[in-house]
Protein chains: 2
Amino acid sequence: MSRRAVQSRIARTAESLFVAKGFEETTVDEIAAAVGMSQRSFFRYFSSKDEVVLDSLERLGEDLAARLASRPPGEPEWDSLRRAFDPVVERFGDPVLRSHDAAIQRIIDGSPRLLASYLCRLERLQRVLTEALMERAGDGADAVVLRAMVGGAFACLHASAFPTIEDPEAFGPCLDRTMAALRPVAAR
Amino acid sequence: MSRRAVQSRIARTAESLFVAKGFEETTVDEIAAAVGMSQRSFFRYFSSKDEVVLDSLERLGEDLAARLASRPPGEPEWDSLRRAFDPVVERFGDPVLRSHDAAIQRIIDGSPRLLASYLCRLERLQRVLTEALMERAGDGADAVVLRAMVGGAFACLHASAFPTIEDPEAFGPCLDRTMAALRPVAAR
DNA sequence: CCGGAAGTGTCAGTGGCTGTCAATCATTGC
DNA sequence: GCAATGATTGACAGCCACTGACACTTCCGG
């Protein structure tokens with residue numbers, strides 16, 4: 001059985017436990033026992049308990065970065081960022097994925113510890129996207145402004161995700177509206 | 001001796017240890033011993049090891065919120081946010097405070113664990129500032145857009161802080177430049 | 001059959017953090 | 001003065017995330 005498959009099995013088991021008992025209240029020992037392995041082996045597949053929850057986010061991040069890199073060079077950065085967010089909007093379209101993601105989000109919001117790790121990953125992701133934009137813009141670019149722009153775009157994404165937990169289909173339009181309102185004057 | 005004074009003594013002692021040995025490499029036992037108290041007592045003054053480092057940020061946050069609340073109601077939100085950041089710019093002006101803050105920042109960046117907690121606090125602070133803006137704007141306000149705007153302003157602050165670690169006096173102008181470039185079209 | 005490589009379990013240990021309890025100290029009311 | 005009371009503390013025990021070391025199995029190429 002491949003490493004990925006085992007990770008996926010652990011993640012599914014762990015998430016159901018988290019939903020049932022809460023993140024902090026579920027020990028690594030319990031997860032390992034539920035999967036049928038030792039605690040030590042759990043840590044061979046995930047470097048921390050947080051990782052189990054945030055692992056899926058990692059892959060989504062790679063997707064965003066690839067999207068952004070493939071946008072046409074002449075396009076205003078703000079629009080490229082909006083298009084890079086398309087995979088997220090798409091996920092919200094699928095009801096199965098959506099309810100799963102909502103569960104994950106509830107787990108994250110329920111634990112300050114986990115929320116902190118989550119924000120840390122977003123931060124790293126923003127750094128990656130900023131570098132992608134920097135490369136595209138060449139030497140004449142203002143690194144600070146680009147960095148802030150990526151942060152601003154993520155703020156729109158983040159803010160739009162909040163109220164959309166109840167209202168399924170509204171995420172895309174809400175993101176469009178927010179990013180239109182926040183569009184920087186510098187984005188031609 | 002007042003609670004605040006003890007906290008301050010612990011914080012000073014701990015920070016010097018962190019600078020000398022690194023955050024992760026310094027145990028709470030060591031800090032407690034250096035201050036001359038039991039580990040149990042340390043946790044009566046700070047709820048976690050992170051807290052020691054991030055405590056000062058808490059008070060700065062309150063300052064920002066107060067500044068924002070005292071801005072004239074008619075002022076565009078973006079400008080109010082910029083003015084709310086003035087205390088931060090001022091801190092950068094004082095060389096003593098600046099070098100202290102730089103040390104703190106280096107400690108934070110050196111530990112993923114601590115960086116995560118730090119970002120979590122920034123998140124909470126943003127929520128507070130958003131609520132302040134909401135109150136001011138009244139019922140007609142778009143909560144999502146306001147939330148995103150606060151996030152965007154913080155992104156400017158964050159981005160401006162980065163390159164300014166070496167170049168002392170440039171923080172204020174850099175922040176102005178970035179916030180001018182990112183100014184939302186919605187901000188009249 | 002042998003070699004190592006990869007995956008696993010066991011065990012012991014570290015460090016952050018919490019609950020509990022008893023001792024101490026300051027405050028208050030008499 | 002003094003006793004009751006409440007806050008502060010230290011000592012101790014314990015939980016849990018996480019790590020290092022080592023032994024064992026399985027599987028595969030030679």
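All figures in this text were calculated on a predicted structure; none of them were measured in a lab. Here is the naming used below: chain letters follow the sequence lines, and residue numbers restart at 1 for every chain.
Hydrophobic clustering (side-chain heavy atoms under 4.5 Å, transitive across Ile, Leu, Val, Met, Phe, Trp, Tyr) groups B:F23 together with B:I10. No single ILVMFWY cluster, assembled from side-chain heavy atoms under 4.5 Å apart, contains both B:F85 and B:L97.
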Show me the protein contacts with nucleotides 4-8 of chain C, counting only N or O atoms at under 3.5 Å.
from	atom 1	to	atom 2	distance (Å)
C:dT8	OP1	A:Y45	OH	2.9
C:dT8	OP2	A:Y45	OH	2.6

Taking N or O atoms only and anything under 3.5 Å, show me the protein contacts with nucleotides 13-15 of chain D, one pair per line.
none

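Here the C1' atom of nucleotide C:dG15 and the NZ atom of B:K21 are 12 Å apart, to the nearest Å. Protein atom CD of B:E25 is 14 Å distant from nucleotide atom C1' of C:dT14, rounded to whole Å. Residue A:I31 contributes atom CD1, which lies 12 Å from atom C1' of D:dC16 at whole-angstrom precision. Taking atom CZ on B:F42 and atom C1' on C:dT18, their separation rounds to 14 Å, with Å as the unit. Between B:F23 atom CZ and C:dG16 atom P the separation is 8 Å, expressed in whole Å. One can place CD of A:E30 at 9 Å from P of D:dA17, the figure rounded to the nearest angstrom. Taking atom CD of A:E51 as the reference point, atom P of D:dA17 lies 15 Å away to the nearest angstrom. At whole-Å resolution of the value, CD in B:E24 and C1' in D:dT19 are 14 Å apart.
Side chain of B:S8 to main chain of B:R4: no donor-acceptor pair is present (N/O by atom type, distance under 3.5 Å, no hydrogens or angles). Panel note: side chain B:Q39, backbone B:D29; no donor-acceptor pair is recorded below 3.5 Å.
Remark: B:R71 does not engage B:E77 in a salt bridge, criterion side-chain N to carboxylate O under 4.0 Å. Under the 4.0 Å criterion applied to side-chain N and carboxylate O atoms, A:E30 and A:K21 are assigned as salt-bridge partners. Taking 4.0 Å as the cut-off between side-chain N and carboxylate O, A:D101 and A:R98 do not count as a salt-bridged pair. Note on B:R106 versus B:D109: no salt bridge recorded, every NZ/NE/NH1/NH2 to OD/OE distance being 4.0 Å or above.
Listed by first and then second residue, the side chain to side chain donor-acceptor pair (under 3.5 Å) pairs that reach into residues 148-158 of chain B are A:E123-B:H158, sequence neighbours excluded.
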